[in-house]
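In what follows, a structure is listed as structure tokens, so that the remarks can point back to it.
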Amino acid sequence: MEKTWNNKAWFMVLPVLVLVAFSAVIPLMTVVNYSVQDTFGNNEFFWAGTDWFQDVLESDRFWDALTRNLIFSAIILAIEIPLGIVIALNMPKRGIGVPICLVLMALPLLIPWNVVGTIWQVFGRVDIGLLGRVVASMGINYNYVQNPIDAWVTLIIMDVWHWTSLVVLLCYAGLVSIPDAYYQAAKIDGASRWSVFRYIQLPKMKRVLLIAFLLRFMDSFMIYTEPFVVTGGGPGNSTTFLSIDLVKMAIGQFDLGPAAALSIIYFLIILLLSWIFYTVMTTSDAQG
Amino acid sequence: MARINLDHIRHAYGARPKSEADYALKEVHHEWNDGGAYALLGPSGCGKTTLLNIISGLINPSEGRILFDGTDVTHLTTQHRNIAQVFQFPVIYDTMTVYDNLAFPLRNRHVPETEVDRRVKEIVEMIGLGGWANKTARGLTADQKQKISLGRGLVRSDVSAILFDEPLTVIDPEMKWVLRSQIKRLHKQFGFTMVYVTHDQTEALTFADKVVVMYDGQIVQIGTPAELFERPRHTFVGYFIGSPGMNVLPAEIAGNTAAIGDQSITLNFQPQIKAGAKTELGIRPEFISLGREGMPVSINKVEDIGRHKIVRASFADRPISIIVDEDREIPAEPRVTFDPKAINIYADSWRVGGEA
Ligand SMILES: Nc1ncnc2c1ncn2[C@@H]1O[C@H](COP(=O)(O)OP(=O)(O)OP(=O)(O)O)[C@@H](O)[C@H]1O
Ligand SMILES: [Mg+2]
């Protein structure tokens, strides 16, 4: 097909550009603006160059939080992706079970983040929470307020409970698009359960898995509300992720310069990692 | 290599079939001889695929038993039946290469790699994809995919039977001819029982020793191509086989005469007919002769199709087709005679014999 060049086409995307400008570009530019200036109040600003960026990159606080983020995302992906696949594989393909399972799966996705946080905060409390009481009665000393490991376990379980459904639904959509003839052919060819997964189901799920992987990575890397509600970043700094730290810095300490620099670094890290994942996964897809 | 018995097989897809109409297969009771080549012919939705899936074990029949060489295999899984099947819609594993696709059924059965290599190389040449062996199967054209699908069915040499479900539909005519003769050659070489579903009656008639005609969930006739042509057991077989199909005319039968409208025809036998049955006379267009003698007809249209002409005419107010030789003149006052040996009588659509 021949490409037609028509400059009028730009007018068509103008509304979107305006919207994006107001919702994303302009706020981002203000952040950029803050990140390169210093102020002592009174709306007086001084050029600070890359000082704030250096400060952020040289602080242990930043690297510690970044490490926590990376570990958290790695754990989340390592649990939710395989678990999502396994659940999707075991969902019914037809009959009355299908709508029931779909609704059950969709439920956690419909609950707002802060409500999820509150639910689990109460659920996990040793004094009044059901989960906390049950775990405690089994003789396990569980307390997410004091024990960093318990706090992490709580956050991870929460996220798995909240978001595995997304992976399940995406995988399920891929699975139901496989015609019956493939399974029949696999039976005739004597394929094992594993071969069916490896050569029929996985290839069909590959695209949706890529989306699931990216969504879950970006989302878990930006985690904020749950630790904010449940642990408030503690005990100590054990659940202080970049986002929590950022808010502490910007609103708690009102260090706008470093906070803006951190925002930009944070944004670039997510962009870079997503781009790397995307490239790696799509090129391996093309080689098939 | 196996003799396959279908013992009173019935199948309904729904859980609780209420009436006869709920059955996709009404009743199939039949033996497929060891090493036979069968063509399965029938209109869309008559149950051909269902029957194949029951033989291969992909579907469990609602009623009846399946026996391979006398052993009941009704409850054996597909894997344990040692049957190859080529599906109506091509299935390929598109992350694998063409070679690996063909090797897949063998490797799953732990065939030694040297043997796998030998078989796959033979098949890949046979289906004309020699240069493609190491390409991934994704992005191949529809006919290449169908060839791979066919190849996977043919790659195992030790199967009891191979079931083909319209395996050559999207393949171009010339290649179709080549593949068909290759399948025949493999059949001779390995002697597997072969069931071949097709819509194409020339394919069926040239390909198989026995042709099985299905209609509305039943096998209506099994026979050699000549038997199907000369003695269709059911009016459907008469219509379906032959081009144009058999002329079927409502007729009153009394003794050994058949009356069609105001014409009466003397039969060379006396059909035994139950009272109240709907009776019809069947005669193929090839066995009607058009000339100056016999019963009057009026001609509506003459189609010249090369080797011969098809005359569309009205006989006793019924449309009939007549095949006449290319160089034959059509008389001004045409009359027809029916070859008595080629007349079949049907009661409620089923052929009735009689005392000759
Ligand atoms: N999975 C199924 N569930 C319910 N009904 C089915 C199913 N498969 C086939 N049928 C029905 O069973 C009947 C026979 O179908 P079948 O596929 O065996 O026909 P066929 O002879 O192979 O037709 P075609 O020439 O179109 O392939 C049809 O009426 C069809 O609608
Ligand atoms: Mg079919």
Side-chain angles (χ1 to χ4, degrees), chain A residues 1 81-82 85 88-89 92-100 170-171 173-213 277-288, chain B residues 13 15 49-50 52-59 76-97 100-111 135-140 145-146 148-156 158-159 161-165:
Chain A
M1 223 171 64
I81 298 287
I85 293 175
L89 287 175
K93 297 270 156 9
R94 50 181 68 90
I96 183 72
V98 176
I100 295 176
L170 283 168
C171 289
L175 283 176
V176 291
S177 73
I178 301 175
D180 262 353
Y182 278 80
Y183 296 111
Q184 297 186 331
K187 276 191 195 163
I188 295 286
D189 291 338
S192 61
R193 182 70 196 84
W194 167 250
S195 296
V196 170
F197 175 70
R198 171 73 185 74
Y199 298 112
I200 298 176
Q201 293 170 322
L202 196 57
K204 275 278 185 231
M205 284 193 291
K206 214 162 176 179
R207 264 163 221 287
V208 285
L209 269 179
L210 170 67
I211 295 171
F213 189 92
F277 287 142
Y278 183 80
T279 321
V280 168
M281 287 194 267
T282 45
T283 46
S284 77
D285 189 53
Q287 287 158 358
Chain B
Y13 281 101
T49 301
T50 308
L52 293 197
N53 288 348
I54 286 176
I55 296 174
S56 61
L58 294 171
I59 299 181
L76 282 190
T77 59
T78 303
Q79 279 92 333
H80 291 103
R81 290 195 194 184
N82 200 23
I83 279 202
Q85 187 171 4
V86 179
F87 295 90
Q88 200 164 353
F89 305 102
V91 172
I92 54 151
Y93 306 108
D94 57 8
T95 53
M96 294 187 201
T97 61
D100 290 338
N101 257 279
L102 295 172
F104 193 56
L106 299 174
R107 288 182 178 150
N108 284 332
R109 291 177 174 80
H110 311 292
V111 173
K135 293 229 164 58
T136 26
R138 173 187 328 190
L140 295 183
K145 287 180 181 177
Q146 197 166 41
I148 294 174
S149 223
L150 176 68
R152 274 208 324 276
L154 295 169
V155 78
R156 288 155 63 198
D158 62 335
V159 290
I162 306 187
L163 314 175
F164 298 94
D165 202 344

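Worth saying up front: this structure is predicted, and the values here are computed from it rather than measured. Here is how names work: the chains are called A, B, and so on, in the same order as the sequence lines, proteins then strands, and each is numbered from 1. These numbers come from the heavy atoms of this one structure, side chains and all, not from hydrogens, waters or symmetry mates.
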Contacting moiety of Ile200(A), where chain B heavy atoms sit under 4.5 Å: side chain

Starting at NZ of Lys187(A), measure out to CD of Gln85(B) and round the result to the nearest 0.5 Å. 11.0 Å

CZ (Arg94(A)) with more than 12 external heavy atoms under 6.0 Å: no

Bottom line for Phe104(B): the part with an atom under 4.5 Å from chain A's heavy atoms is both

Provide the closest heavy-atom pair for Val91(B) versus Ala185(A) in the form atom of the first, atom of the second, distance. CG1-CB, 3.6 Å

Between Asn53(B) and chain A, which part of the residue has a heavy atom less than 4.5 Å away: side chain, backbone, both or neither? side chain

Between the CZ atom in Phe89(B) and the CD atom in Gln184(A), the distance rounded to the nearest 0.5 Å is 11.0 Å

Rounded to the nearest 0.5 Å, how far apart are CG of Asp94(B) and OH of Tyr182(A)? 6.0 Å

As an exercise, state the distance from CD1 of Ile188(A) to CG of Leu163(B), rounded to the nearest 0.5 Å. 7.0 Å

Winner by heavy-atom pair count (cut-off under 4.5 Å) against chain A, out of Pro105(B), Pro90(B), Ala84(B): Pro105(B)

Of Arg109(B), Arg107(B), Arg152(B), the residue whose pairing with Asp189(A) passes salt bridge (Lys or Arg N to Asp or Glu O under 4.0 Å): Arg152(B)

Should the heavy atoms of other residues, nucleotides or ligands under 6.0 Å from OH of Tyr278(A) be counted, would the total exceed 12? no

